[in-house]
Amino acid sequence: MNKKICIIIPIYNEVNNIVVMLSAIKIVMQPLPYDYNIIFVDDGSSDDSLLFLKKIAAENKLLNYISFSKNFGHQNALKAGLDLSDADAVISMDGDMQHPPSLLPQLIALWETGNDVVYTIRKKEKEMPFIKRTTSNLFYNILNKLSSIEIENGTADFRLLDRKVVNVIREIKEYDLFWRGMVKWLGFKQTSIEYVPAERANGVSKYNFKKMMELALKGITSFSTKPLTIAIYLGFASAFISLAYIPYALLSILYGHPVSGWASVIVTIAFFGGIQLIILGIIGMYLGKLFMQSKQRPHYIINETNIK
Ligand code: UDP
Ligand code: MG
């Protein structure tokens, strides 16, 4: 019997990309000696993605869909796909053709040679928008400095996981999911390949600045508590600096102009006010994580699926 591969594709308003993805995957996968199925995870799309998926799933046995009750986010959509897959190897990829389906045979071949995780790294592209390139570089540099995991710059959510890795992932109850970090953290035998991202086939990017910031903060706070330590250092440093004001204040009394210095008082209040807010914010971020985790809400709610 052939081994089975499952391809998970989260989609959020990608109705025009579904057929493009399907046929591109079919061309690549059909000649290979594997059984395969594709799970589209409809992450609460407001377009006709679900209707369309249901229509084509009725005629195509290889096609499965999971539809959420609302938008739960890309990382949670990946979790749903992993939870409901039953294949020997599970591949996740974006639904906009930016992760080239032509790489699938290579991922599978590396898996067959004994790797449990085959992940991909986006090759530095000159055509990539300057802002996206620099913010992405900055994010990975900060994350790697702060945490104990090392994630290569440009690691993508395009990867193959062996069944045993997927089984481990299913047991993980962490609320904030950041797969790039999690997969690295899991260990097992990992390897990577580089790829050149293609142009988006249709539509626009669903990762706006807000979603990107959220993912970045999730990544950092999930794999490091160093920001809390930094907060302490910041507190010590500012307390130390403020000590310098004591001789200044005493000297001004001695020299007879104790009430001067309105500007310096305002600047000091504003400065330390700012530092306190930053530190509170950092503590608050971790507190929020604990709060969300303690509620134990599910990562996603399935509205409809054709997976039995
Ligand atoms: N996506 C999702 N839920 C979201 C945002 C994005 O399922 O809330 C999907 C999206 O449809 C796509 C993939 O995640 O298949 C990657 O998103 P996108 O291509 O918009 O991000 P970019 O490539 O611009 O970073
Ligand atoms: Mg994309």
I'd like to know if the side chain of Asn17 and the backbone of Asn202 have a donor-acceptor N/O pair within less than 3.5 Å. yes
Nearest 0.5 angstrom please: Asp96 CG to Ile11 CD1, how far? 11.0 Å
If you draw a 6.0 Å radius around OH in Tyr207, do more than 12 non-hydrogen atoms from other residues or ligands fall strictly inside? yes
Between Ser92 (side chain only) and Phe158 (backbone N and O only), is there a donor and an acceptor less than 3.5 Å apart? no
Could you check whether any side-chain heavy atom of Phe188 comes within less than 4.5 Å of a side-chain heavy atom of Leu161, counting everything from C-beta outward? no
State, to 0.1 Å, how close Gly203 and Arg200 come at their nearest heavy-atom pair, and which atoms those are. O-CD, 3.5 Å
Between Met285 and Ile142, is there shared hydrophobic-cluster membership here, with clusters defined by ILVMFWY side-chain heavy atoms closer than 4.5 Å? no
Would you say Met21 and Glu14 make side-chain contact, with heavy atoms under 4.5 Å? no
Backbone of Lys173 reached by a side-chain donor or acceptor of Gln293 within 3.5 Å: yes
side-chain contact (heavy atoms from CB on, under 4.5 Å) test vs Gln106 passes for just one of Leu104, Ile108, Leu103, namely Leu103
In this structure, CD1 of Ile282 is separated from CG of Leu277 (nearest 0.5 Å) by 11.5 Å
Before you tell me yes or no, could you show the steps for Leu146 and Ile230 under side chain to side chain contact (heavy atoms under 4.5 Å, CB included), namely the whole-Å CA-CA distance, both residues' side-chain angles and the distance that decides it to 0.1 Å? CA-CA 10 Å; Leu146 291 179; Ile230 293 171; 3.8 Å; yes
Is it the case that the side chains of Lys145 and Ser224 hold a donor-acceptor pair, with the cut-off being a distance below 3.5 Å and no angle test? no
So, do His74 and Tyr12 have ring centers that fall under 6.0 Å from each other? no
Taking the side chain as every heavy atom from C-beta outward, state whether Cys6 and Ile39 have any atom pair closer than 4.5 Å. yes
Looking at Asp88 and Arg163, would you say the former's side chain and the latter's main chain have a donor-acceptor pair under 3.5 Å? no
Contact check, side chains of Leu107 and Ile193, non-hydrogen atoms, under 4.5 Å: yes
Does atom NZ of Lys295 have more than 12 heavy-atom neighbours, drawn from other residues, nucleotides or ligands, at distances under 6.0 Å? yes
Please give me the minimum heavy-atom distance between Val41 and Ala80, naming the atom from each residue. CG1-CB, 4.4 Å
Asn60 side-chain N/O to Ile56 backbone N/O, donor-acceptor pair under 3.5 Å: no
So how far is it from Gln190 CD to Leu110 CG, rounded to the nearest 0.5 Å? 12.5 Å
With sequence neighbours excluded, residues passing ring pair (Phe, Tyr, Trp, His ring centres under 6.0 Å) with Phe223: none
Decide yes or no for Thr155 and Val183: does some side-chain heavy atom of the first lie under 4.5 Å from some side-chain heavy atom of the second? no
What verdict does the side chain to side chain contact (heavy atoms under 4.5 Å, CB included) test give for Tyr195 and Lys123, after you've listed the backbone C-alpha separation in whole Å, the side-chain angles of each residue and the deciding distance to 0.1 Å? CA-CA 6 Å; Tyr195 76 99; Lys123 242 197 202 140; over 6 Å; no
Rounded distance (nearest 0.5 Å) linking atom CG of Asn144 with atom CD of Glu150: 4.0 Å
State plainly whether one hydrophobic cluster holds both Leu217 and Leu138, where clusters connect Ile, Leu, Val, Met, Phe, Trp and Tyr through side-chain heavy atoms under 4.5 angstrom apart. no
Gln75 side-chain N/O to Asp176 backbone N/O, donor-acceptor pair under 3.5 Å: no
Geometric class of the Tyr175/His299 ring pair [parallel <30°, tilted 30-60°, perpendicular >60°]: parallel
Mind listing the closest non-hydrogen atom pair of Pro101 and Val28 along with its distance? O-CG1, 3.6 Å
Leu63 and Asn306, any side-chain heavy atoms less than 4.5 Å apart: no
Compute both the distance and the angle, then confirm whether Lys70 meets the cation-pi test with Phe72: under 6.0 Å from the six-membered ring centre, within 45 degrees of the axis. yes
Got more than 12 heavy atoms from elsewhere within 6.0 Å of CE, Met292? yes
Nearest heavy-atom neighbours spanning Asn76 and Tyr300: O-CD2, 3.8 Å
Could you see if Leu50 belongs to whatever hydrophobic cluster contains Ile301? Use Ile, Leu, Val, Met, Phe, Trp, Tyr and a side-chain cutoff under 4.5 Å. no
Nearest non-hydrogen partners of Val20 and Ala201, listed with the distance: CG1-CB, 4.5 Å
Just checking Gln296: does its CD atom have more than 12 heavy atoms from other residues, nucleotides or ligands closer to it than 6.0 angstrom? no
Is there a path of hydrophobic side-chain contacts, each under 4.5 Å between heavy atoms of I, L, V, M, F, W or Y residues, that connects Val168 with Trp111? no
Could you check Met29 against Ile7 for side chain to side chain contact (heavy atoms under 4.5 Å, CB included), going step by step and ending with a plain yes or no? CA-CA 10 Å; Met29 289 300 291; Ile7 300 169; 4.2 Å; yes
Other residues, nucleotides, ligands: >12 heavy atoms within 6.0 Å of Lys26 NZ: no
Short side-chain to backbone donor-acceptor contact, Ser238 and Gly235, under 3.5 Å: yes
Beyond-backbone contact of Val117 with Leu186, side-chain heavy atoms, under 4.5 angstrom: no
Which residues satisfy the side-chain hydrogen bond (donor to acceptor under 3.5 Å, both in side chains) test with Glu112, sequence neighbours excluded? Lys3, Tyr34
Here's a test for you: under side-chain contact (heavy atoms from CB on, under 4.5 Å), which of Val118, Leu160, Ile25 qualifies with Ile91? Leu160
Hey, any chance Leu53 and Val19 share a hydrophobic cluster, counting ILVMFWY side chains that come within less than 4.5 Å of each other, even indirectly? yes
Taking His99's backbone N and O only, do any of them form a donor-acceptor pair with Asp94's side chain (distance below 3.5 Å, no angle check)? no
Worked check of side chain to side chain contact (heavy atoms under 4.5 Å, CB included) between Leu82 and Arg170: CA-CA 7 Å; Leu82 292 170; Arg170 277 183 178 168; 5.6 Å; no
Are any non-hydrogen side-chain atoms of Ile18 and Phe40 less than 4.5 angstrom apart? yes
Just by modelled atom types, is the Gly73 backbone N or O under 3.5 Å from a matching donor or acceptor in the Asp43 side chain? yes
Check whether any side-chain N or O of Ser49 sits under 3.5 Å from a backbone N or O of Asp42 as a donor-acceptor pair, and report yes or no. no
Plane angle bin for Phe178 and Phe139 - parallel if under 30°, tilted between 30 and 60°, otherwise perpendicular: perpendicular
Starting at NZ of Lys189, measure out to CG of Asn115 and round the result to the nearest 0.5 Å. 4.5 Å
First locate atom CH2 of Trp185, then atom CD1 of Ile151, and finally report the distance between them rounded to the nearest 0.5 Å. 13.0 Å
If you take all heavy atoms of Lys184 and Tyr119, which pair is closest and at what distance? NZ-OH, 3.2 Å
